[in-house]
**Student:** 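Dropping a structure here in structure tokens format, bear with me for questions.
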Amino acid sequence: MPHDLTIALRVNGRKTEATFPARTTLADLLRDRLGLTGTHLGCEQGVCGACTVFVDDLPVRACLTLAAACEGAEVVTVEALEGPDVEALRADFSREGALQCGFCTPGMLITACDLVRRREPLAREEIQEAMAGNICRCTGYNGIVRAIEKTVDARICAEGP
Amino acid sequence: MKPANFAYHRPGTCTEAADLLYRLRDDVKVIAGGQSLLPLMNMRLAEPAHLVDVSAVPELRRTDLTAEGATYGAATTHMMFEHQLVPDVADGLLSHAARGIGYRAIRNRGTVGGSLAHSDSSAEWPTVMSALGATVHALSVRGERRIPVTEFLLGFFSTALADDELITAVSVPRIAPGTQWGMYKMARKPGEFADSLAVVQVRDTGASTPAVSVWLGAAKDVPLRLKHVEKALADRPDRSLLPADLSGPLAADIGADTATASPHDRHALQLHAVTVHRALMAVGKAPHAA
């Protein structure tokens with residue numbers, strides 16, 4: 001029987017040591033061991049995007065990342081998303097009705113946050129393409145894309161020319 | 001679903017990885033980004049007893065640039081190609097191809113070596129690397145060997161790699177001066193695997209007709225060089241062939257018999273003809289390397 005592994009990492013800014021069986025994915029580590037159930041598991045094959053989290057500042061699929069590979073990594077989940085970009089994004093999601101059942105929302109927010117902070121003006125089609133890896137089974141895409149479009153524009157304007 | 005149990009190994013060097021692979025060769029898989037292997041393991045289509053995780057091996061992230069071309073470490077991610085964090089010796093083609101792979105979250109972890117080891121001809125790297133004449137570097141306890149990508153890819157999920165061999169790098173020759181390229185990927189949704197994928201290179205040789213090479217992915221178990229299509233293009237220096245003109249030579253290249261083909265196969269042939277046509281139209285139009 002394979003042994004359990006122990007790794008040290010930072011999760012949402014806090015130093016964490018975790019022990020788990022090797023087959024544990026980052027998503028299961030976050031949800032089952034650390035109680036961070038904001039990261040949702042949909043397809044567990046990388047297609048739906050609900051489990052997207054930041055690892056070392058880059059969005060990745062937590063279902064396709066082994067927890068064991070996260071030694072020394074900095075993980076940020078939806079629970080710890082903060083700052084003006086995210087506040088604007090949350091407000092626009094709310095205003096534009098960008099969530100219905102909310103299952104896909106954690107992954108949507110992480111992916112959208114990654115878009116907003118790049119400060120690149122984006123056409124609606126470009127946002128649609130960038131969000132193509134996050135599936136909303138309520139099919140509320142129009143609201144989601146509208147909300148991101150508004151936040152991207154507003155955050156670029158807020159910083160002025 | 002969740003992966004089955006396995007023992008996890010995390011070597012710090014290529015030599016260490018090769019030793020582990022040799023010792024565990026009966027039931028071991030190499031994992032880097034895991035973007036192809038983990039879905040298979042989550043679905044229990046793969047249940048290796050041992051995983052050798054090479055994501056902590058710094059050598060596998062190196063790039064060596066020479067006058068002839070570049071040698072990219074096997075764990076270079078799609079994202080690094082996409083954003084040209086590594087030099088693009090194919091005048092923007094590597095970056096363009098990487099952009100189409102999966103989604104950003106996938107590209108941040110998935111690696112070029114992993115994609116080639118997975119050998120799915122509807123993925124970008126097998127076709128693009130075949131078209132560019134790239135070479136795979138493989139390491140085992142017996143030493144290093146170099147395998148042209150076209151000899152490396154043997155079929156669906158099947159490569160020339162031995163059970164205890166590790167891909168360490170991929171060498172890509174510099175695209176020849178005066179070469180223009182065009183690529184087109186046909187997929188139902190951004191980020192999906194291709195239904196068809198064509199890469200065209202047109203090299204001005206000073207002769208009356210330029211040298212044209214055409215590669216097609218997602219048609220067979222390995223990428224195909226379309227020799228009949230190239231011949232048809234040689235007779236038309238302006239490359240003004242329509243999908244209808246291409247489907248004859250294309251059928252010959254794929255080995256399809258248009259007279260007896262099923263509706264499904266005829267549809268596939270049409271898709272490939274349109275894809276090759278669009279790749280031809282795209283020649284010289286995409287942004288170049290920085």
Side-chain angles (χ1 to χ4, degrees), chain A residues 1-7 20-29 31-32 41 43-73 107 110-115 118 125-135, chain B residues 1-10 12 24 27 29 31-57 75 77-80 82-83 85 99-111 114 187-193:
Chain A
M1 199 58 200
H3 298 294
D4 279 4
L5 305 166
T6 301
I7 65 159
F20 47 79
R23 69 190 189 116
T24 309
T25 62
L26 175 60
D28 288 336
L29 171 70
R31 291 177 54 82
D32 301 344
L41 274 172
C43 68
E44 301 198 276
Q45 47 182 293
V47 176
C48 80
C51 70
T52 308
V53 298
F54 284 116
V55 173
D56 295 330
D57 238 16
L58 297 174
V60 306
R61 298 288 202 241
C63 75
L64 297 188
T65 303
L66 286 178
C70 294
E71 170 73 52
I110 300 267
T111 308
C113 181
D114 180 54
L115 278 183
R118 271 185 265 152
E125 293 71 29
E126 292 172 304
I127 296 176
Q128 287 169 335
E129 198 180 317
M131 296 305 293
N134 289 73
I135 293 175
Chain B
M1 278 175 58
K2 318 288 181 191
N5 267 321
F6 54 82
Y8 178 80
H9 309 268
R10 193 172 170 82
L24 306 168
D27 199 355
K29 278 273 172 199
I31 186 166
Q35 302 302 287
S36 300
L37 182 58
L38 282 174
L40 293 178
M41 288 178 62
N42 281 355
M43 288 187 271
R44 304 284 174 106
L45 295 171
E47 297 187 18
H50 297 272
L51 269 193
V52 173
D53 182 351
V54 294
S55 62
V57 180
T77 61
H78 312 318
M79 180 274 282
M80 293 172 79
E82 177 187 5
H83 295 295
L85 302 182
R99 239 194 101 204
I101 302 174
Y103 315 106
R104 178 168 293 272
I106 303 289
R107 297 194 290 275
N108 283 335
R109 286 193 72 79
T111 68
R188 291 178 196 204
K189 164 177 183 288
E192 276 292 325
F193 281 97

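Residue numbers start from 1 in every chain, and the chains themselves are labelled A, B, ... in the order their sequence lines are given, proteins ahead of strands.
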**Student:** Enumerate, atom names and distances included, each donor-acceptor pair closer than 3.5 Å involving a side-chain atom of residues 60-71 of chain A, sequence neighbours excluded.
**Tutor:**
unit_1   : atom_1 : unit_2    : atom_2 : d
Arg61(A) : NE     : Gly46(A)  : O      : 2.9
Arg61(A) : NH1    : Thr52(A)  : OG1    : 3.1
Arg61(A) : NH2    : Gly46(A)  : O      : 3.2
Arg61(A) : NH2    : Gly133(A) : O      : 2.8
Thr65(A) : OG1    : Arg61(A)  : O      : 2.7
Thr65(A) : OG1    : Arg109(B) : NE     : 3.4

**Student:** Is it the side chain or the backbone of Ile31(B) that comes within 4.5 Å of chain A heavy atoms, both, or neither?
**Tutor:**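 Side chain only.
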**Student:** Quick check on Ala4(B) against chain A: is it the side chain, the backbone, both or neither that has a heavy atom closer than 4.5 Å?
**Tutor:** backbone
**Student:** With a 4.5 angstrom heavy-atom cut-off, could you sort out which part of Asn134(A) is near chain B: side chain, backbone, both or neither?
**Tutor:**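 Contact with chain B is absent: no heavy atom of Asn134(A) under 4.5 Å.
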**Student:** Could you have a look at Gly49(A), Ala130(A), Pro59(A), Gly72(A) and say which one has the most heavy-atom pairs with chain B under 4.5 angstrom?
**Tutor:** Pro59(A)
**Student:** Quick one: which residue pairs count as a salt bridge (Lys or Arg N to Asp or Glu O under 4.0 Å) with a foot in residues 44-60 of chain A, not counting sequence neighbours?
**Tutor:**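 Sorted pair list: Glu44(A)-Lys2(B), Asp57(A)-Arg117(A).
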**Student:** Which one of Leu41(A), Asp28(A), Thr25(A) has the most heavy-atom pairs closer than 4.5 Å to chain B?
**Tutor:** Asp28(A)
**Student:** Find the one option among Lys189(B), His50(B), Glu192(B), Met79(B) whose heavy-atom pairs under 4.5 Å with chain A are most numerous.
**Tutor:**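 Heavy-atom pair counts peak at Lys189(B).
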**Student:** Counting only heavy atoms closer than 4.5 Å, note whether Arg104(B) contacts chain A via side chain, backbone, both or neither.
**Tutor:**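 Arg104(B) touches chain A through backbone and side-chain heavy atoms alike.
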**Student:** Looking at every non-hydrogen atom in both residues, tell me the closest pair between Ala22(A) and Tyr8(B) and how far apart they are.
**Tutor:** CB-CB, 3.7 Å
**Student:** Leu51(B) versus chain A, heavy atoms under 4.5 Å apart: side chain, backbone, both or neither?
**Tutor:**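 The side chain, not the backbone.
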**Student:** Say you draw a straight line from CZ of Arg23(A) to CG of Asn42(B); how long is it, rounded to the nearest 0.5 Å?
**Tutor:** 10.0 Å
**Student:** Measuring from atom CE of Met41(B) to atom CD of Gln45(A), what distance do you get when rounded to the nearest 0.5 angstrom?
**Tutor:** 14.5 Å
**Student:** First locate atom CG of Asp114(A), then atom CG of Asn108(B), and finally report the distance between them rounded to the nearest 0.5 Å.
**Tutor:**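 With rounding to 0.5 Å, CG (Asp114(A)) is 7.0 Å from CG (Asn108(B)).
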**Student:** Picking from Gly102(B), Ser55(B), Pro3(B), which has the most non-hydrogen pairs under 4.5 angstrom with chain A?
**Tutor:** Pro3(B)
**Student:** Side chain, backbone, both or neither: which part of Leu5(A) has a non-hydrogen atom closer than 4.5 Å to chain B?
**Tutor:** side chain
